[in-house]
Amino acid sequence: MKKYLMALDQGTTSSRCIIFDRNGNIVAKAAREFTQYFPKAGWVEHDACEIWESQLATAKEALRQADISAADIAGLGITNQRETTVVWEKDTGKPICPAIVWQCRRTEALCEKLCQTGKDVIIREKTGLAPDPYFSATKLRWILQNVPKAQERAERGELLFGTVDTWLIYKLTGGRVHATDPSNAARTMLFNIHTLTWDAELLELFDIPRAMLPRVLPTVGVFGETDAEIFGTPITIAAAAGDQQAALFGQCCFDAGDIKNTYGTGGFMLMNTGNTPVTSSNGLLTTIGWQHNGKTTYVLEGSVFICGAAIQWLRDGLGLISTSSESEAIAAEVTDSGGVYFVPAFVGLGTPYWNAAARGTVCGITRGTTRAHLVRATLDAMAFQTVDVLDAMRQDTGLFIPLLRVDGGACANNLLMQTQSDLAALPIARSACIETTAWGVATMAGLATNLYNSIEDLRTLLPAAKIFTPHMREEVRTAHLEKWHRAVSASSAFSS
Ligand code: ADP
């Protein structure tokens with residue numbers, strides 16, 4: 001009997017493969033880093049072929065490690081870095097240029113023009129997104145405009161577009177399937193999240209030939225079979241989801257009001273809003289979580305650009321600490337930040353401020369300020385930024401939030417988690433499963449291949465989380481938040 005699930009977790013800096021058994025135990029895990037290209041200031045590219053080769057190598061290695069064959073895999077799920085844009089030739093499967101990575105800012109001018117000409121209104125209405133180089137549409141426009149003959153070739157139907165999920169599905173199926181899922185399609189800025197179709201008006205606005213777009217299939221469902229030559233026996237590709245959405249699923253956030261925050265390089269908070277999209281008045285994006293059993297689950301998403309990266313800066317930029325985890329012991333040397341507030345707006349501020357010009361600011365330094373105060377203020381900043389996003393979610397939905405589920409590298413920091421609970425006045429549940437993204441898409445593949453009967457089966461598999469409960473007095477909390485917001489104003493006042 002087929003009893004394992006394979007997750008391909010294609011991230012920004014590495015491709016990973018994890019094989020789980022039905023109960024969520026990891027039976028094999030392989031990872032390969034791949035090359036990051038920075039051809040100009042603000043530009044970021046990947047080689048799509050290297051992405052594919054590294055991903056394939058991890059899948060083969062994981063099968064070897066687990067000592068099982070492809071025939072033992074019930075289903076394969078793909079979760080991926082979102083928005084990254086690949087264009088390839090339909091005939092040969094060869095990319096026509098480097099993949100443009102989500103971080104790449106090369107289309108900033110075009111996005112500004114869209115806002116100046118008032119196009120941001122229809123974009124927001126139809127896609128739930130605000131025009132930004134982050135999303136795929138302007139990246140695809142750039143390729144069609146700048147790669148010789150790309151526009152005419154695309155119009156003749158010779159070129160295909162895809163985000164990384166689509167590219168991997170195409171390669172895995174030996175070029176037979178050109179498809180994506182709504183959680184990835186929703187990040188292209190070409191997909192209407194209400195009608196659940198590619199939007200004719202947006203395709204016209206960005207001059208994108210429809211022939212190059214993938215079919216949109218349910219997130220949880222069969223996309224195709226891997227080409228028999230790849231693993232010896234075909235494996236069913238049974239799920240595809242963007243990384244943040246997969247993590248939300250992996251944390252069992254199946255009901256409206258369920259919410260998770262990932263503390264990685266950046267911070268990403270997603271809230272399940274049920275089967276209707278919620279429009280934000282507080283700088284959140286409205287997007288799609290997943291499509292399952294004919295139903296679409298929508299989410300609100302908030303992004304903090306610099307989260308764990310602020311700790312990296314203490315380590316690599318200032319040399320103040322030698323490892324990220326050391327931040328906990330050093331910050332614990334003091335009882336609080338001694339009145340220091342640090343806004344790590346290195347690349348501007350995301351949700352809810354959306355101020356691209358703000359810059360990093362440290363307020364409240366005195367002669368008594370020590371390294372420990374600054375480290376503590378950095379952990380505080382990670383928590384304060386999360387509180388701002390949480391408040392935006394509360395205001396937009398009016399939903400009662402009973403609990404915040406957390407994952408990501410920096411959530412290992414107990415002091416940060418306690419501070420988060422105190423400043424948010426909310427219990428924090430830290431997942432015992434550190435691979436929530438891979439687990440999320442693996443369980444989706446398990447649902448699509450009937451290894452599980454329903455999502456109810458999954459709730460019982462989630463190991464017990466560690467809970468942090470708030471202890472801070474309300475007036476202390478309010479005073480801290482008031483000072484934090486003054487520091488945010490200072491960082492905006494001193495803008496680039
Ligand atoms: P990503 O997936 O974005 O690369 P991870 O989820 O691996 O990130 O988390 C790594 C980030 O978390 C780094 O920015 C690192 O500085 C930070 N980090 C890791 N461990 C700790 C810790 N114990 N305390 C604070 N920050 C940490």
Side-chain angles (χ1 to χ4, degrees), residues 7-16 18 29 31-34 36 44 46 54 58 79-84 101-103 134 164 242-248 250-251 260-270 301-333 337 342 344 346-347 350 360 371-372 374-386 405-421 423 428 430-441 466 468:
L8 301 185
D9 182 357
Q10 206 303 305
T12 309
T13 57
S14 68
S15 300
R16 289 141 28 89
I18 302 184
K29 191 169 167 175
R32 293 264 165 111
E33 290 198 358
F34 56 87
Q36 308 288 313
V44 190
H46 289 159
S54 60
T58 62
T79 181
N80 53 290
Q81 53 166 322
R82 304 175 301 173
E83 298 103 6
T84 297
V101 179
W102 58 273
Q103 296 158 320
Y134 195 18
V164 170
D243 51 7
Q244 296 304 323
Q245 288 93 330
L248 188 72
Q251 290 259 32
K260 73 93 199 173
N261 192 50
T262 300
Y263 299 81
T265 309
F268 290 94
M269 191 183 291
L270 266 68
E301 175 170 329
S303 331
V304 168
F305 299 144
I306 302 291
C307 185
I311 294 287
Q312 278 167 349
W313 177 70
L314 294 184
R315 189 190 62 195
D316 306 336
L318 296 188
L320 218 52
I321 56 176
S322 49
T323 61
S324 295
S325 56
E326 196 189 37
S327 61
E328 181 167 352
I330 295 172
E333 288 168 11
S337 69
F342 171 28
F346 303 154
V347 291
R371 165 175 90 140
L374 193 57
V375 175
R376 183 129 193 169
T378 308
L379 294 179
D380 289 352
M382 292 158 76
F384 278 129
Q385 295 187 100
T386 306
R405 296 180 194 277
V406 299
D407 53 37
C411 85
N413 190 311
N414 292 312
L415 181 60
L416 170 63
M417 291 301 103
Q418 186 55 50
T419 306
Q420 186 67 80
S421 175
L423 292 174
I428 305 292
R430 179 170 67 198
S431 175
C433 165
I434 51 169
E435 300 288 356
T436 48
T437 306
W439 175 238
V441 85
K466 169 148 177 60
F468 296 82

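In each ligand, atom 1 is the first atom listed, and ligand 1 is the first ligand listed. Just so it is clear, the values below take in all heavy atoms, side chains as well, and ignore hydrogens, waters and symmetry mates.
- Between Asp380 and Arg376 the shortest side-chain heavy-atom distance falls below 4.5 Å.
- Considering only non-hydrogen atoms, atom 27 (C) of ligand 1 lies nearest to Ala410 out of Ala412, Ala410, Ala309.
- Annotation: Gly308 places an N or O atom under 3.5 Å from an N or O atom of ligand 1; distance criterion only.
- Using a 4.5 Å cut-off on side-chain heavy atoms (C-beta onward), Gln81 and Val101 make contact.
- Residue-environment remark: CD (Gln36) exceeds the threshold of 12 foreign heavy atoms within 6.0 Å.
- Looking at Ser324 against ligand 1, both its backbone and its side chain come within 4.0 Å, counting heavy atoms.
- Short contacts between ligand 1 and Gly408, defined as distances under 4.0 Å to a heavy atom of the residue, involve ligand atoms 6 (O).
- Side-chain contact check for Arg82 versus Trp102: every heavy-atom pair is 4.5 Å or farther apart.
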(message) Please evaluate residues Asp9 and Thr437 with respect to the criterion side chain to side chain donor-acceptor pair (under 3.5 Å), reporting the C-alpha separation (whole Å), side-chain torsions for both, the decisive distance (0.1 Å), and the verdict.
(response) CA-CA 8 Å; Asp9 182 357; Thr437 306; 5.2 Å; no
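- For Glu328, the closest heavy-atom approach to ligand 1 does not fall below 4.0 Å.
- The aromatic rings of Trp313 and Phe342 sit tilted, their planes meeting at an angle between 30° and 60°.
- Taking atom 24 (N) of ligand 1 as the reference point, the nearest protein heavy-atom neighbour is Asn413 ND2, 3.0 Å.
- Of the polar atoms of Gly409, at least one N or O is found under 3.5 Å from an N or O of ligand 1, judged by distance alone.
- For atom 13 (C) of ligand 1, the nearest protein heavy atom (residue, atom name, distance) is Gln312 NE2, 3.5 Å.
- When side chains are defined from C-beta on, Ser327 counts as touching Asn413, because their heavy atoms get closer than 4.5 Å.
- Compare Ser325, Gly264, Gly267 by their heavy atoms: the one nearest to atom 23 (N) of ligand 1 is in Ser325.
- Protein heavy atom closest to atom 3 (O) of ligand 1, with residue, atom name and distance, is Thr265 OG1, 2.7 Å.
- Interface of Ser327 with ligand 1, defined as ligand atoms under 4.0 Å from a residue heavy atom, comprises 24 (N), 25 (C).
- For the residue pair Gln10/Ser15, the side-chain donor-acceptor check at 3.5 Å is satisfied.
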